[in-house]
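Report on the structure given below.
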Amino acid sequence: MYDIKWIRENPQEFDLGLERRGLQPLSEQVLKMDKDYRSNQTALQEMQSKRNTLSATIGQVKKEGGDVDSIMREVSEIKDKMAVLEEDTKKKGDEIFALLSSLPNTPDASIPTGPDESANVVVRQEGVIPTFSFTPKEHDELGANLGMMDVEQAGKISGARFTFLKGPLARLERALGQFMLDTHTTEHGYMEMDVPLMVRDNAAFGTGQLPKFREDLFQTTNGYWLIPTAEVSLTNSVAGKILEEKDLPLRLTALTPCFRSEAGSAGRDTKGMFRQHQFYKDELVSITTPEDSFNELERMTKCAENILQKLGLPYQVVCLSSGDMSFTSHKTYDLEVWLPGQNRYREISSCSNCGAFQARRMDARFRRPGEKGTQHVHTLNGSGVAVGRALIAVMENYQKEDGSIVIPEVLRPYMGGMTVIKKD
RNA sequence: GGAAAGGUGGCAGAGUGGUCGAAUGCGGCAGACUCGAAAUCUGUUGUACAACUUGUUUGUACCGAGGGUUCGAAUCCCUCCCUUUCCGCCA
């Protein structure tokens, strides 16, 4: 959500941001709407002021036993005019709000401009891509051969994009989630949170899923939205609040299931459990001051990277281009993990600085000591990391020729000391 | 799900149609007293938007949310949300 005052002061910057997003300039239209709205508002306020004064006079005169008929008639006339103006003003205000809330965040000056992922820039690559003396298999084949992954049966009871995991493989997924959560809370200073998985409209609006992306979400029969990421609940934990500067940054993490309809991705990644309607993800959220948010983005990305490093998974960090970034983001780094079975890097995490974009939508503010008024906080979110995809990455990177999977050192304590998963 | 009582400023808590943005207490901030602190005393203390003469200015809105009644609503009416208590059900 844009700050209308900022648009008034930086119309050309506003248009440039839209252009980099592949959209038409709008500043002229927005400023015209804004001007009309404000002149309406001023006229309306003058009427309200007059009405208030006259009404107060009525009270006064009545007390003194005077005659109030003529004043009441006067107020009546004002009221009639007000009703019309009021309606028009509300309409104008709603139109501006609807337009502004449908526009994506401005891309930061530091990120590449481009229409889509082709313009993304690889920032760095870490880890060693493993070599195999055999042709490495994809995770779904490995899982099926082990007898621990059943997509077919899941399809029978739930349809496409669901999976059963069994035995040690199910435990490995749980181990990954616990390992991530423990690492973020004990080493990275994040506070563990347990959050609602179902939210109302206003929360989904706050983080930017609504109104534009409702078709990507699942909704219950009584109107709740299933969270597509814990970002929704974690970030909205400060919705409507005025925080103290000394309490920032807030660093929050939660391990939750995520629910996505995957409406726009029919036919993509249909094999195995790469793209599911339901998956676990450890989410990181930071609430910061405006001056700290860019440093926090670097820090958050490192926290997510640390998980992949500890797991011994090779990956690259990609700075997303203006055309590939999500709706709410100001700057985004994706972490792409190496998948030997697919022989390429695939997204496993996305860390974004949303600036004040979400904070304005949910009215999350902070106060500086000694300063009057409030400012919106900056919000950041990142996957730290997607658990289902981490499972895939571990399976494919740690596979042996006989189809067994070596368990990474850091996960063994979570696996009761088990070192390898093999068919029994 | 049934019944009842409620939702007021950072917190507690008055206010049931007319200078109520809202008493009072606590907290916060500033000052006095003090070598300093505590106690005490004095003052001050919400948010957002708009306007212009950009000011310790003026106006408007905000007492859970949205509607309504009225010349005038924190106060009356309707709908919704939330909280608490009791009952029922339940992991």
Side-chain angles (χ1 to χ4, degrees), chain A residues 1-9 30-101 194-206 210-211 219-225 233 236-248 250 256-257 356 359-377:
Chain A
M1 183 86 181
Y2 282 88
D3 178 4
I4 186 78
K5 277 193 218 158
W6 180 83
I7 299 177
R8 269 178 226 150
E9 286 157 18
V30 169
L31 292 180
K32 164 102 174 53
M33 289 166 86
D34 177 49
K35 202 178 163 195
D36 289 350
Y37 170 71
R38 283 192 292 158
S39 70
N40 256 27
Q41 193 183 6
T42 304
L44 184 63
Q45 286 182 358
E46 276 164 13
M47 287 183 182
Q48 286 169 327
S49 177
K50 197 164 178 193
R51 179 203 61 190
N52 290 347
T53 314
L54 289 174
S55 291
T57 312
I58 290 172
Q60 200 71 28
V61 171
K62 264 192 168 172
K63 223 180 247 174
E64 291 158 8
D67 179 37
V68 294
D69 282 0
S70 65
I71 311 177
M72 276 172 74
R73 232 176 294 121
E74 197 179 342
V75 182
S76 264
E77 280 169 34
I78 295 174
K79 246 185 87 173
D80 291 344
K81 284 190 217 154
M82 263 176 63
V84 178
L85 191 58
E86 209 165 340
E87 199 182 324
D88 188 50
T89 307
K90 189 175 171 340
K91 195 173 139 242
K92 285 189 161 77
D94 288 348
E95 279 168 8
I96 294 172
F97 183 82
L99 177 60
L100 292 187
S101 60
D194 185 67
V195 301
L197 303 182
M198 296 187 278
V199 299
R200 288 185 201 288
D201 289 6
N202 56 346
F205 177 84
L210 294 183
Q219 190 170 31
T220 67
T221 50
N222 54 353
Y224 289 115
W225 301 98
S233 303
N236 275 290
S237 71
V238 298
K241 289 195 174 178
I242 300 177
L243 305 165
E244 297 299 326
E245 187 182 22
K246 66 173 165 55
D247 296 328
L248 302 178
L250 285 177
T256 70
R360 272 191 294 272
R361 293 171 87 94
M362 64 178 69
D363 200 23
R365 292 170 286 168
F366 77 102
R367 205 192 315 264
R368 293 188 204 269
E371 273 184 30
K372 215 167 154 52
T374 57
Q375 282 184 64
H376 286 104
V377 296

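In the text below, chain A, chain B and the rest are named by the order of the sequence lines, each starting its count at 1. Side-chain atoms are counted along with the backbone in the values below, which use heavy atoms only and exclude waters and symmetry mates.
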key: CG on A:Asp34 to CZ on A:Arg8, rounded to 0.5 Å   = 4.0 Å

note = Rounding to 0.5 Å, atoms CG (A:Asn40) and CG (A:Asp88) come to a distance of 5.0 Å

N or O in side chain of A:Lys5 less than 4.0 angstrom from B:C49 OP1/OP2 = yes

inquiry  = If the condition is side-chain hydrogen bond (donor to acceptor under 3.5 Å, both in side chains), which residues does A:Thr53 pass it with, not counting sequence neighbours?
reply    = none

ask   = Are any of A:Arg51's side-chain N or O atoms less than 4.0 Å away from OP1 or OP2 of B:A61?
value = yes

task = Give a yes/no on whether any side-chain N or O of A:Arg367 is located under 4.0 angstrom from OP1 or OP2 of B:G10.
result = no

key: Whole-Å P distance, B:A65 and B:G7   = 13 Å

ask   = Does atom CG of A:Asp194 have more than 12 heavy-atom neighbours from other groups under 6.0 Å away?
value = no

ask   = Can you tell me how far C1' in B:C71 sits from the matching atom in B:C11, rounded to whole Å?
value = 38 Å

query = Are any of the side-chain heavy atoms of A:Ser55 and A:Arg51 separated by less than 4.5 Å?
reply = yes

query = Any ion pair linking A:Arg73 and A:Asp69 (charged N to carboxylate O, less than 4.0 Å)?
reply = no

ask   = If the P atom of B:C81 is compared with that of B:G72, how far apart are they to the nearest Å?
value = 30 Å

note = A:Ile78 atom CD1 is separated from B:G72 atom C1', nearest whole Å, by 13 Å

task = Start with the C-alpha gap between A:Ile4 and A:Val30, add the side-chain angles, then the distance that decides, and say whether side chain to side chain contact (heavy atoms under 4.5 Å, CB included) holds.
result = CA-CA 9 Å; A:Ile4 186 78; A:Val30 169; 3.6 Å; yes

request  = Please report, rounded to the nearest Å, how far the C1' atom of B:G72 is from the CE atom of A:Met72.
outcome  = 9 Å

message = Measuring only between side-chain heavy atoms, which start at C-beta, is A:Phe205 closer than 4.5 Å to A:Arg361?
response = yes

message = Pairing check on B:A14: which nucleotide meets the Watson-Crick or G-U wobble criteria with it, both distances under 3.5 Å?
response = none

Base partner of B:A5, which must satisfy Watson-Crick or wobble distances under 3.5 Å = B:U83

inquiry  = What is the separation between atom CD on A:Gln41 and atom C1' on B:A61, rounded to the nearest whole Å?
reply    = 9 Å

key: Rounded distance in Å between the P positions of B:A22 and B:A61   = 14 Å

inquiry  = Without decimals, in angstroms, what is the distance between A:Asp3 CG and B:C49 C1'?
reply    = 12 Å

note = Applying the 3.5 Å cut-off to both distances, the Watson-Crick or G-U partner of B:A91 turns out to be none

key: Separation of the C1' atoms in B:U42 and B:G46, to the nearest angstrom   = 23 Å

task = Determine the Euclidean distance between corresponding P atoms of B:A5 and B:A91; express it in Å to zero decimal places.
result = 31 Å

B:A23 - base-pair partner by Watson-Crick or wobble geometry, distances under 3.5 Å = none

ask   = Hey, what do you get for CG (A:Asp94) to CD1 (A:Ile96), rounding to the nearest 0.5 Å?
value = 9.5 Å

Grab the N/O contacts between the protein and nucleotides 80-82 of chain B below 3.5 Å, and write none if there aren't any.
from  : atom 1 : to       : atom 2 : distance (Å)
B:C81 : O3'    : A:Arg200 : NH2    : 2.7
B:C82 : OP1    : A:Arg200 : NH2    : 2.4

query = Does B:U75 have a Watson-Crick or wobble partner in any strand here, with both distances under 3.5 angstrom, and which is it?
reply = none

For nucleotides 62-68 of chain B, list the nitrogen or oxygen atoms of the protein found under 3.5 Å from its nitrogen or oxygen atoms, one pair per line.
none

task = Kindly write out the residues that satisfy side-chain contact (heavy atoms from CB on, under 4.5 Å) with A:Asp363, not counting sequence neighbours, or none if the list is empty.
result = A:Arg365, A:His376

message = Using a 6.0 Å cut-off, check whether atom CD of A:Glu244 has over 12 heavy atoms from anything other than its own residue.
response = yes

task = Nearest 0.5 Å please: distance from the CD atom of A:Gln45 over to the CE atom of A:Met82.
result = 11.0 Å

N/O donor-acceptor pair under 3.5 Å between A:Ser233 side chain and A:Pro196 backbone = yes

request  = Send over the distance from A:Lys50 NZ to B:G72 P, rounded to a whole Å.
outcome  = 15 Å

query = What is the base-pairing partner of B:U70, counting Watson-Crick and G-U wobble geometry with both distances under 3.5 Å?
reply = none

query = Checking all strands, does A:Thr374 fall into the base, sugar-phosphate, or nothing category for heavy-atom contacts under 4.0 angstrom?
reply = sugar-phosphate

note = A:Asn40 CG to B:A61 P, in whole Å, measures 16 Å

message = I'd like to know whether the aromatic ring centres of A:Tyr2 and A:Phe97 sit less than 6.0 Å apart in this structure.
response = no

inquiry  = Counting only Watson-Crick pairs (N1-N3 plus N6-O4 or O6-N4) and G-U wobbles (N1-O2, O6-N3), all under 3.5 Å, who is the partner of B:G59?
reply    = B:C49

Spacing of the P atoms in B:C62 and B:U19 (rounded, Å) = 15 Å

query = Hey, which of these two, A:Thr53 or A:Asp34, hits RNA chain B nearer its 5' end, going by closest nucleotide?
reply = A:Asp34

request  = Would you give the length of the straight line joining atom CZ of A:Phe366 to atom CD of A:Glu245, rounded to the nearest 0.5 angstrom?
outcome  = 5.5 Å

key: Same-atom distance (C1') from B:U24 to B:G17, integer angstrom   = 23 Å

Rounded distance (Å) that lies between atom C1' of B:U60 and atom CE of A:Met82 = 10 Å

query = A:Arg360 CZ to B:C49 P: how many Å, rounded?
reply = 12 Å

key: A:Tyr37 OH to A:Lys91 NZ distance, which is reported to the nearest 0.5 Å   = 14.0 Å

query = Taking for each residue the nucleotide of RNA chain B with the nearest heavy atom, is it A:Gln48 or A:Lys79 whose nucleotide lies nearer the 5' end?
reply = A:Gln48

key: Nucleotide nearest A:Arg365 (side chain, heavy atoms from C-beta), chosen from B:C49, B:A48, B:U60   = B:A48

inquiry  = Please encode protein proximity along nucleotides 51-58 of chain B as a string of B, S and -, counting only heavy-atom distances under 4.0 Å.
reply    = S-------

task = Give a yes/no on whether any side-chain N or O of A:Asn52 is located under 4.0 angstrom from OP1 or OP2 of B:G72.
result = no

request  = Once you apply the 3.5 Å cut-off to both distances, tell me the Watson-Crick or G-U wobble partner of B:U44, or none.
outcome  = B:G28

Write down the protein N/O and nucleotide N/O pairs, taken from nucleotides 18-20 of chain B, whose separation is under 3.5 Å; answer none if there are no such pairs.
from  : atom 1 : to      : atom 2 : distance (Å)
B:G18 : O6     : A:Lys62 : NZ     : 3.2
B:G18 : N2     : A:Ser55 : O      : 2.7

request  = Dump the intermediate steps for side chain to side chain contact (heavy atoms under 4.5 Å, CB included) on A:Asp67 and A:Val61, then the final yes or no.
outcome  = CA-CA 7 Å; A:Asp67 179 37; A:Val61 171; 6.0 Å; no

